[in-house]
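The residues of the chain are indexed from 1 along the displayed sequence. From a predicted model like this one, the values you see are computed outputs, not experimental measurements.
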Amino acid sequence: MKRNLLFTATLAGALLSGCATQSSNNFQAFQPEDLNALVKSGKLVQKTNSFFVVNDSSSSMSRTYVNSTDYSGTKLDVEKNLLNKFNKSIPVMPLTSGLRSFGFGPCLSWGSTYLNQAVQNYTPAGFESAITSLECSSGGTPLATALSDSGKDITAAPGNIALIVFSDGIEEVSPLPTAEALKSQYGDKLCIYTVWVGNDQDAAGQTVLQELANASGCGFSTTAEAITTSKGMSDFVKNVFLKAGTPKVADCSTQDDDKDGVSNCVDKCPDTPKGAIVDKDGCWAFRGLLFDFDKSDVKAKYGPLIQNAVEVMKMNPGLTIEIQGHTDSYGKDAYNQKLSERRANAVKAELIKQGVEGKRLTAVGFGESKPVDTNETDEGRAYNRRVEYKRTDR
């Protein structure tokens, strides 16, 4: 009699557990999209603080996945590959994570659900260990029980929580009431996301998973095929963890891109060549190299400014410049035009005299058309009788 009872119990356990199918930890090669730059710039900001994965490890996941040529193996293998891609795609940010699997029998220590990773501070290595602990699949599909147990697990999860279900959706008991109860318990803190890992004959399960996601009001349902690529997984991760933010605006007062000593905020010439002496506007515009009224000769006292221009040309061998001559408003336009040209050519001649190749220099006159100061005062007119340098290699 005892022998018969033992046989009956053993048979019942076998029927309950189903056939346990081992899973591979050989993941596909995967190059994730890097979301870190978007997070650092503020274009994307974190909206989810914790995620908890509920993974289907029932016997139906032992069946071969046939909906794609990208995978060879069981549906459980597909789940694990997707979880691996998911893990690699998460940008650097503070998170907590956890994972619970469901089924029956030896794969879950002879229970109906199993806590593979309790809620803890997330690290890619730690979550990878949780993924590889999904060793096999067996038994029925107690998703409702798994959701109920997960509701207890996430009491330790801080902030907004993403509950992510990977399954083919083939259930004996509808998990929808349990999902609705979880949403009622956690409110706006909880969003449910589902990933359908099924074949064509599992189509009814896709509807079940869609209903679960709808129950949370803020999640969504997707498929294994939709998130298998780098972009697909990146979009999934962005939608689960991130939202659009306001990009951080750099403080221009602390930036000086052309290293001329004038901040980007006020630099009117942001491409000043290396080594150039600049004015208060950041321009290689020698308002210090001025001319007497109706004169075009370069005074000896401006030798240091000419020498700086020579040094700049040597430091920047690809640099070409346009030497621009200017006048004040006294005199006729035509005369001032010629005078401005003579001033530009006088500076050009000085540069050539000191070793600058003439083909790198162009002399142009603008007459009185571009004053930098008022022509109503002697001081203002003195500043307008000038030359400026403009680079022409860009």
Side-chain angles (χ1 to χ4, degrees), residues 250 252 254-375 379-394:
C252 61
T254 65
Q255 296 183 314
D256 180 13
D257 290 345
D258 57 5
K259 304 295 188 294
D260 61 0
V262 178
S263 76
N264 287 357
C265 294
V266 296
D267 198 337
K268 295 180 181 178
C269 301
D271 61 349
T272 304
K274 182 172 61 175
I277 296 174
V278 299
D279 61 16
K280 63 181 177 61
D281 295 322
C283 295
W284 193 21
F286 289 117
R287 292 175 64 180
L289 201 163
L290 307 177
F291 295 84
D292 287 341
F293 177 72
D294 199 24
K295 299 293 183 181
S296 60
D297 55 303
V298 180
K299 295 181 180 181
K301 69 178 182 179
Y302 297 131
L305 295 182
I306 295 293
Q307 185 58 41
N308 174 249
V310 173
E311 292 300 320
V312 169
M313 299 299 287
K314 290 180 180 178
M315 293 170 64
N316 302 271
L319 177 65
T320 59
I321 62 171
E322 180 179 88
I323 304 167
Q324 302 176 340
H326 302 271
T327 72
D328 60 29
S329 61
Y330 269 33
K332 294 182 178 181
D333 290 352
Y335 181 85
N336 284 338
Q337 176 61 35
K338 294 294 184 182
L339 178 59
S340 68
E341 292 172 4
R342 292 197 298 273
R343 288 171 174 168
N345 279 306
V347 173
K348 177 181 178 181
E350 285 291 331
L351 294 177
I352 293 174
K353 182 180 177 181
Q354 297 196 37
V356 179
E357 293 180 279
K359 65 181 181 181
R360 299 174 65 188
L361 309 172
T362 304
V364 179
F366 288 91
E368 63 186 72
S369 64
K370 294 187 176 183
V372 292
D373 211 325
T374 179
N375 276 303
E379 183 180 14
R381 287 190 292 272
Y383 280 124
N384 289 332
R385 298 191 295 267
R386 72 198 191 279
V387 292
E388 296 179 354
Y389 295 159
K390 176 184 176 183
R391 67 186 306 170
T392 55
D393 57 311
R394 291 186 177 178

Those residues at least two apart in sequence (or on a different chain) that pass side chain to side chain donor-acceptor pair (under 3.5 Å) with D271 are none
Heavy-atom nearest pair, D260 first then C269, reads OD2-O, 4.2 Å
Contacts satisfying ring-ring contact (aromatic ring centres under 6.0 Å, His included) that involve residues 344-364 (not counting sequence neighbours) are none
Value for CG (D258) from CG (D267), rounded to nearest 0.5 Å, stands at 4.5 Å
The salt bridge (Lys or Arg N to Asp or Glu O under 4.0 Å) partners of D333 (sequence neighbours excluded) come to none
Backbone N/O of G282 and side chain of T272: donor-acceptor pair under 3.5 Å: yes
By side-chain contact (heavy atoms from CB on, under 4.5 Å), D292 pairs with (sequence neighbours left out) K295, K299
Tightest non-hydrogen contact, residues K280 and V262, listed as O-CG1, 3.9 Å
Tightest non-hydrogen contact, residues D373 and G380, listed as CB-O, 3.6 Å
Here the gap from D256 atom CG to N264 atom CG, rounded to the nearest 0.5 Å, amounts to 6.0 Å
Contacts satisfying ring-ring contact (aromatic ring centres under 6.0 Å, His included) that involve residues 331-368 (not counting sequence neighbours) are H326-F366
Contacts satisfying side chain to side chain donor-acceptor pair (under 3.5 Å) that involve residues 341-367 (not counting sequence neighbours) are Q337-E341
With sequence neighbours left out, the residues meeting side chain to side chain donor-acceptor pair (under 3.5 Å) with S329 are none
The side chain to side chain donor-acceptor pair (under 3.5 Å) partners of E322 (sequence neighbours excluded) come to Q324
| field | Student check: side-chain heavy atoms of I306 and N308 closer than 4.5 Å | value | no
| said: Under a 3.5 Å distance rule, please check whether S263 uses its side chain to pair with a backbone N or O of T254 as donor and acceptor. | reply: no
query = Could you walk me through whether T327 and F291 pass the side chain to side chain contact (heavy atoms under 4.5 Å, CB included) check?
reply = CA-CA 9 Å; T327 72; F291 295 84; over 6 Å; no
Notebook entry, point to check: Are T320 and T392 close enough that a side-chain donor and a side-chain acceptor fall under 3.5 Å?
Noted result: yes
Between S296 and L339 the two heavy atoms that sit nearest each other are CB-CD1, 4.4 Å
Those residues at least two apart in sequence (or on a different chain) that pass side chain to side chain donor-acceptor pair (under 3.5 Å) with N384 are N375
- Would you sort out whether L351 and I321 count as a side chain to side chain contact (heavy atoms under 4.5 Å, CB included), showing the intermediate values? CA-CA 11 Å; L351 294 177; I321 62 171; 4.2 Å; yes
Taking every heavy atom of S340 against every heavy atom of G367, the minimum-distance pair comes out as OG-N, 2.9 Å
- Query: Are R386 and K370 close enough that some pair of their side-chain heavy atoms sits under 4.5 Å apart?
  - Reply: yes
So ring-ring contact (aromatic ring centres under 6.0 Å, His included) across residues 297-320, not counting sequence neighbours, yields none
Sequence neighbours excluded, the answer for side-chain contact (heavy atoms from CB on, under 4.5 Å) partners of P273 is A276, W284, V312, N316, L319, R391
Checklist entry - If only atom types and distance count, is the side chain of N336 paired as donor or acceptor with the main-chain N or O of Y330 below 3.5 Å? => result yes
>> With a 3.5 Å distance limit and no angle check, can you tell me whether R385 reaches the backbone of D328 through a side-chain donor-acceptor pair?
In response: no
- Message: Between E388 and K390, does any NZ, NE, NH1 or NH2 come within less than 4.0 Å of an OD or OE carboxylate oxygen?
- Response: no
